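Values reported hereafter were calculated over all heavy atoms of this structure, with side chains retained and with hydrogens, waters and symmetry mates removed. These numbers were taken from a predicted model, which means no experiment stands behind them. Position 1 is the first residue of the sequence, and the numbers go up from there.
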Amino acid sequence: MEQSFAEAYADEKDWSGAVADPGRDHIFDDLVYNRGAMTLQALRLKIGDRAFFQVLKQWPTTYRHGKKL
């Protein structure tokens with residue numbers, strides 16, 4: 001995962017688009033799929049595996065039904 005992240009990030013793509021509303025012609029672009037995965041990998045590297053996997057388990061329960069942060 002770390003190598004895939006580094007390669008995608010180094011690819012110099014334009015990562016500045018709107019992921020929430022990419023438009024019909026861009027719904028399957030790298031921006032939509034890869035940027036989300038890259039964000040999760042960056043978080044994992046920052047907080048470590050143990051905390052990361054704990055967040056993955058707790059987040060859906062804590063914030064289901066649109067609970068505010």
Side-chain angles (χ1 to χ4, degrees):
M1 190 74 233
E2 198 167 336
Q3 182 179 351
S4 295
F5 171 86
E7 289 171 2
Y9 191 73
D11 195 19
E12 297 183 20
K13 292 183 185 230
D14 179 9
W15 299 105
S16 64
V19 174
D21 188 14
R24 185 187 76 204
D25 295 337
H26 302 286
I27 196 163
F28 297 109
D29 286 1
D30 286 343
L31 175 66
V32 175
Y33 286 93
N34 289 350
R35 191 167 84 172
M38 290 169 64
T39 300
L40 290 175
Q41 179 63 10
L43 176 63
R44 182 178 179 183
L45 293 173
K46 183 73 171 177
I47 67 174
D49 283 349
R50 184 175 176 182
F52 177 77
F53 287 108
Q54 187 175 13
V55 167
L56 286 184
K57 289 178 184 177
Q58 292 177 348
W59 189 273
T61 300
T62 303
Y63 298 103
R64 70 175 166 230
H65 308 300
K67 286 184 183 177
K68 301 292 182 191
L69 294 176

With R44 via salt bridge (Lys or Arg N to Asp or Glu O under 4.0 Å) - residues at least two apart: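 R44: salt bridge (Lys or Arg N to Asp or Glu O under 4.0 Å) contacts with D49.
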Same cluster (ILVMFWY, side-chain, under 4.5 Å), [X] and [Y]:
X: Y63; Y: L43; result: yes
X: L31; Y: M38; result: yes
X: Y33; Y: L40; result: no

Residue pairs passing the salt bridge (Lys or Arg N to Asp or Glu O under 4.0 Å) test where at least one lies in residues 50-65, sequence neighbours excluded: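 Non-adjacent pairs meeting salt bridge (Lys or Arg N to Asp or Glu O under 4.0 Å): zero.
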Interatomic spacing from CZ in F52 to CG in L45 - rounded to 0.5 Å: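 Reported value, rounded in 0.5 Å steps: 9.0 Å.
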Distance (rounded to the nearest 0.5 Å) between N34 CG and T39 OG1: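 With rounding to 0.5 Å, CG (N34) is 10.5 Å from OG1 (T39).
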Kindly list each side-chain donor-acceptor pair under 3.5 angstrom involving residues 17-27, sequence neighbours excluded, with atom names and distances?
unit_1: H26; atom_1: ND1; unit_2: D29; atom_2: OD2; d: 2.8

